[in-house]
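Computed over heavy atoms, backbone and side chain alike; hydrogens, waters and symmetry mates excluded. Residue numbers start at 1 and run along the sequence shown.
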Amino acid sequence: MLRPDIIDLREFYAGHLGQAVRRILRQRLRILWPNVGGMTVLGLGYATPYLRIFEAEADRVLAAMPGPQGVVHWPRGLPGRVMLVDEEDLPLPDASVDRLLLMHSLENAENVRGLLREVWRVLTPQGRLLAVVPNRRGLWAHLEATPFGHGHPYTPPQLTRLMRDALFSPTQSQAALWLPPSERAFVVRAQTAWEATGEVLWKRFSGVLLVEAEKQVYAAAPLRPAKAKRRRFVLKPAESPVWGGSGPAPA
């Protein structure tokens, strides 16, 4: 599966259209997660354009980027809080993350079920997953000029079924991004009008779907294939992650 690389993702969000998308989706994320006070928040995929909105109240905000995509330093001008990871073997302890945002992740994963098994493992018993994925019915999923035009788009029933199969219970969902994928200035400037009109007239044809799901703790833990022992980060309260295990810390 051809996924957007780190250079394409960074350049998209540096442009006017990407900045508009970031503003639109940040508002939706805040509606779904209005309070993350004292929590550990992890963004998996390319979630850094959206994580700053949680920093003022969360205890810890981290980012994890998959190897095939590549990684860039984040946050700018501050000590790094990004990990380069194997999506199916995150270097984090069991039940260590309260909120996990999947952005430019689920649709590009080579093994979706393996990814969701690992998400289930690192979430706390009260943890919540929030997946933002391209809508199969929307225009954005069919244009490769943006990151939302890559990978496997979903319909709402497909996404709900996928979550339930992975031992998650969907709790709430939203649609967003009726703004056309155009760099034209007059289109981008009208982003608020596009969103308001689309939510009323073209709700099924949004650019993305946002689905929050909670971990099913009463179900059996997902089976994982045996792997060699990996080093894990040890997360300490109000500190940056400290590398755990034998051997030197990664660069």
Side-chain angles (χ1 to χ4, degrees), residues 9-10 12-65 74-76 78 81-82 96-107 119 122-124 126-135 138 140 146-148 154 156 159-160 163 168-181 188-200 202-215 238:
L9 290 161
R10 184 172 58 182
F12 172 75
Y13 281 104
H16 294 302
L17 180 59
Q19 291 173 23
V21 170
R22 179 169 52 192
R23 286 191 292 270
I24 291 167
L25 296 187
R26 276 180 171 179
Q27 292 174 359
R28 296 290 178 168
L29 293 175
R30 255 323 190 183
I31 292 172
L32 291 167
W33 285 352
N35 182 11
V36 295
M39 297 182 185
T40 293
V41 178
L42 174 67
L44 178 56
Y46 189 72
T48 52
Y50 303 95
L51 293 179
R52 278 199 179 275
I53 61 174
F54 303 120
E55 288 190 308
E57 62 196 59
D59 183 56
R60 183 184 299 105
V61 180
L62 304 170
M65 299 186 184
W74 180 86
R76 183 179 301 176
L78 296 172
R81 283 183 273 130
V82 180
S96 58
V97 175
D98 301 292
R99 296 290 184 269
L100 197 151
L101 173 63
L102 288 176
M103 178 69 71
H104 302 300
S105 174
L106 195 63
E107 69 272 23
V119 169
V122 302
L123 279 174
T124 63
Q126 295 77 37
R128 299 289 178 98
L129 158 68
L130 179 53
V132 182
V133 299
N135 180 7
W140 286 77
T146 81
F148 299 99
Y154 289 88
L159 196 53
T160 297
M163 294 293 176
F168 289 96
S169 297
T171 54
Q172 53 182 332
S173 63
Q174 289 199 11
L177 207 56
W178 288 275
L179 170 71
V188 175
R189 283 198 298 267
Q191 60 191 266
T192 302
W194 282 109
E195 294 302 297
T197 303
E199 192 160 18
V200 174
W202 313 305
K203 195 170 184 66
R204 296 178 59 195
F205 303 102
S206 65
V208 301
L209 306 171
L210 302 90
V211 174
E212 184 201 54
E214 62 182 358
K215 179 177 177 178

If you measure from [atom1] on [X] to [atom2] on [Y], what distance do you get to the nearest 0.5 Å?
X	Y	atom1	atom2	value
E55	I53	CD	CD1	10.0 Å
M39	R60	CE	CZ	13.0 Å
L159	L106	CG	CG	6.5 Å
T146	F12	OG1	CZ	5.0 Å
D98	L123	CG	CG	8.5 Å

Name all residues meeting the side chain to side chain contact (heavy atoms under 4.5 Å, CB included) criterion together with [X]; count only those two or more places apart in sequence or in a different chain, and write none if there are none.
X	answer
L32	L130, Q172, Q174, L210
R23	Q19, A20, Q191
T171	R128, E212, E214
A63	T48, L51, W74, V82

- The single option from L29, L209, L102, L177 passing side chain to side chain contact (heavy atoms under 4.5 Å, CB included) against V132: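 Filter result, single survivor: L29.
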Quick one: salt bridge (Lys or Arg N to Asp or Glu O under 4.0 Å) partners of [X], sequence neighbours excluded?
X	result
E195	none
R204	none
E57	R30
R99	none

Do you know the tightest heavy-atom contact between [X] and [Y]?
X	Y	answer
M163	P170	CB-CG, 4.1 Å
A176	S206	O-CB, 3.2 Å
R81	P75	NH2-CG, 3.3 Å
P49	R22	O-CD, 3.1 Å
L44	A47	N-CB, 4.2 Å
S173	V211	CB-CG2, 3.9 Å

- Query: So do M103 and Y46 actually touch side chain to side chain, heavy atoms under 4.5 Å?
  - Reply: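 A side-chain contact under 4.5 Å is absent here.
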- Message: Quick one, V208 and N135 - any side-chain contact, counting heavy atoms below 4.5 Å?
- Response: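 No, their side chains stay 4.5 Å or more apart.
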All ring-ring contact (aromatic ring centres under 6.0 Å, His included) counterparts of [X], not counting sequence neighbours:
X	result
W140	F148
Y50	Y13
Y154	H152

- Might you confirm whether atom CH2 of W194 has over 12 heavy atoms from other residues, nucleotides or ligands at distances under 6.0 Å?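 No - once you tally the heavy atoms of other residues, nucleotides and ligands closer than 6.0 Å, there are 12 at most.
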- Task: Please answer whether the main-chain N or O of W202 pairs with a side-chain N or O of W178 as donor and acceptor at a distance below 3.5 Å.
- Result: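 Present.
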- Item | D59 side chain to T40 backbone, donor-acceptor under 3.5 Å |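 Not confirmed, D59 side chain does not pair with T40 backbone.
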- Task: Tell me, please, which residues at least two apart from S105 pass side-chain hydrogen bond (donor to acceptor under 3.5 Å, both in side chains).
- Result: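 In terms of side-chain hydrogen bond (donor to acceptor under 3.5 Å, both in side chains), with neighbours along the sequence ignored, S105 is linked to no residue.
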- Task: Start with the C-alpha gap between L17 and L179, add the side-chain angles, then the distance that decides, and say whether side-chain contact (heavy atoms from CB on, under 4.5 Å) holds.
- Result: CA-CA 9 Å; L17 180 59; L179 170 71; 3.8 Å; yes
